[in-house]
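Working notes, beginning with the structure itself.
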Protein chains: 2
Amino acid sequence: MPVTPIYRQKARHAQVQVCVACEVRCSALFGALDAQGLERIKADIDNLELTANTRIYGPGSDSDAVYTVRSGMVRFERFTERGDLRIVRLAGPGDLIGLEALLQRPYRDEALCCGPVQLCRIPCELVDKLGQHEGSLQRELMLRWQTDLENAEAWVANLATGPARRRMLRLLLRLADLGPQDGTIWLPRREKIGAMLDLTFETASRLVSQLRREGILELTAMRTARVDTTALRQALQAEDAEGSERPAA
Amino acid sequence: MPVTPIYRQKARHAQVQVCVACEVRCSALFGALDAQGLERIKADIDNLELTANTRIYGPGSDSDAVYTVRSGMVRFERFTERGDLRIVRLAGPGDLIGLEALLQRPYRDEALCCGPVQLCRIPCELVDKLGQHEGSLQRELMLRWQTDLENAEAWVANLATGPARRRMLRLLLRLADLGPQDGTIWLPRREKIGAMLDLTFETASRLVSQLRREGILELTAMRTARVDTTALRQALQAEDAEGSERPAA
DNA sequence: CGAGCCGTTGAGGGGATTCAAGCTCAGTGG
DNA sequence: CCACTGAGCTTGAATCCCCTCAACGGCTCG
């Protein structure tokens, strides 16, 4: 059984304390609210602690809430019309997921926990209520959508383009960005890597092994690894340099 | 997906008339406004007619306006870090582009006309002004962002996945959706097809030729073609059926 | 007419897949 | 305790798809 660090719940005071002390507060949805504002919403927000591969929501769920990721990573899965699994998005601490619920739309993808994940569940009603008074909230939401959109287009340009090795290197960079900033990353199963980069799991495995031999990647625990980020960036530059005959005017 | 019902009314003044008579009005940003509301905004909206390959905006431009596509198609280009061109998005009639401007962000991609294009240029100031009074406008904007996001993820899942032939077929389907609904599509240069599907232009050419021989595609004019949509869907189903040993539980 | 761009097609090579065999490791039950 | 099992990972060999390199044709335009 993988070590699933069970978080000791401190004296379960008000939700207010959780929000005030939240590490992602400044980047979170209600970051603009003061303590008094938080007081009013304490009752409605649920604080969740989930284990790896727990389903947060999916196309079948009632879309009546959004979620702030406090820690951990979330992946978004869907099936192509052909029937094979694809991962189309990753979310990390500070991200707000399930935005479509605010528009009364069904959740489009399955949101699943990559490892242990801490979430805040925020009912849509609450957002609606606050949105009427707080104009800044509307703008904050639009910013979320915009960054999601930019990330999605970056996914197309970076993770869905070029030879497998480059895609893998870019994925590692993204994983390093999303996770803790200490060089440790969550390293998915080879099959999941394939679902992100459109590769077979064998190819994903070969690439991981290759990077391990090059010293860029070092497997540490079950689903975790350590990356040498400078070596990683070097490898990427080397990749990009090769084909640079013309600057593609 | 793109529902473009036809709206016609008599109107008095120049831009007002344009807006009221606009074919994409119900799907457009100000669809909710009545004639009186339109009266107030007539002065600020510019009606543009552009030719193929005209640049609408790009990372360098002042991001002070959004644009409604009235007719034609718009493509979004960017360069990967390696330096090669990628097309990450397509917009058609009824779409609102350049949303990031509303958040004082620079335009991320280059927006270019695929063929002749009619646009309405809407200054951000105007949107801000109207947004304060019209609460529905905010919601409408969020809907735009959400559909853009869904399209981007669909791009990842459909156009960036699987063998080249399937990607090409999916692209044709998308082009048929965006363009006029009469089976005529705008068929990009082979190089641009490559930039959308991550292929070399030679492979793109081979695929086009192949589909032509199969009767799915028929080149008509310079950048246009006629697709047999039913044959297209059949070909796609055939593609998807082949690899369907297991439903990928 | 030659120059240049775009598109097409062929031949060869390389990268990813497919098929297949072992491997490690945790859990299970004898 | 240890063999057994099954899931995940690794690696090899053969195949196939797509890329690379190359030549050629149609077309526009100077």
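Quick note on labels: first sequence line is chain A, next is B, and so on, each numbered from 1.
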Not counting sequence neighbours, which residues clear side chain to side chain donor-acceptor pair (under 3.5 Å) with Ser63(B)? List them please.
none
Rounded to whole Å, CD of Glu191(B) lies from P of dG7(C) at a distance of 8 Å
Within this structure, what is the CZ-to-C1' distance between Arg189(A) and dA7(D), rounded to whole angstrom?
8 Å
Quick one: list whatever passes salt bridge (charged side-chain N to carboxylate O under 4.0 Å, His left out) with Arg75(B), sequence neighbours left out.
Glu77(B)
With sequence neighbours left out, write down each residue that passes side-chain contact (heavy atoms from CB on, under 4.5 Å) with Ala164(A), or none if nothing qualifies.
Leu199(A), Leu207(A)
Residue list, salt bridge (charged side-chain N to carboxylate O under 4.0 Å, His left out) with Glu110(A), at least two apart or on another chain:
Arg55(A)
In whole angstroms, how far is the C1' atom of dG15(C) from the CD atom of Gln210(A)?
12 Å
Treating Arg189(A) as the side-chain partner and Leu187(A) as the backbone partner, does any N or O pair qualify as donor plus acceptor under 3.5 Å?
no
Check whether Arg86(B) reaches the backbone of Ala195(B) with its side chain - one donor and one acceptor, N or O, closer than 3.5 Å.
yes
Walk along nucleotides 23-30 of chain D from 5' to 3' and tag each nucleotide B, S or - by protein heavy-atom contact under 4.0 Å, base first, then sugar-phosphate.
--------
Using a 4.5 Å cut-off on heavy atoms from C-beta on, say whether the side chain of Arg174(A) contacts that of Asn158(A).
no
Sugar-phosphate or base contact per nucleotide [nucleotides 13-20 of chain D; S, B, -; heavy atom under 4.0 Å]:
B----SSB
Kindly say whether Cys114(A) contributes a backbone atom to a donor-acceptor pair with the side chain of Trp186(A) at under 3.5 angstrom?
yes
According to a strict under-4.0 Å criterion, is Arg190(B) in side-chain N/O contact with OP1 or OP2 of dC6(C)?
no
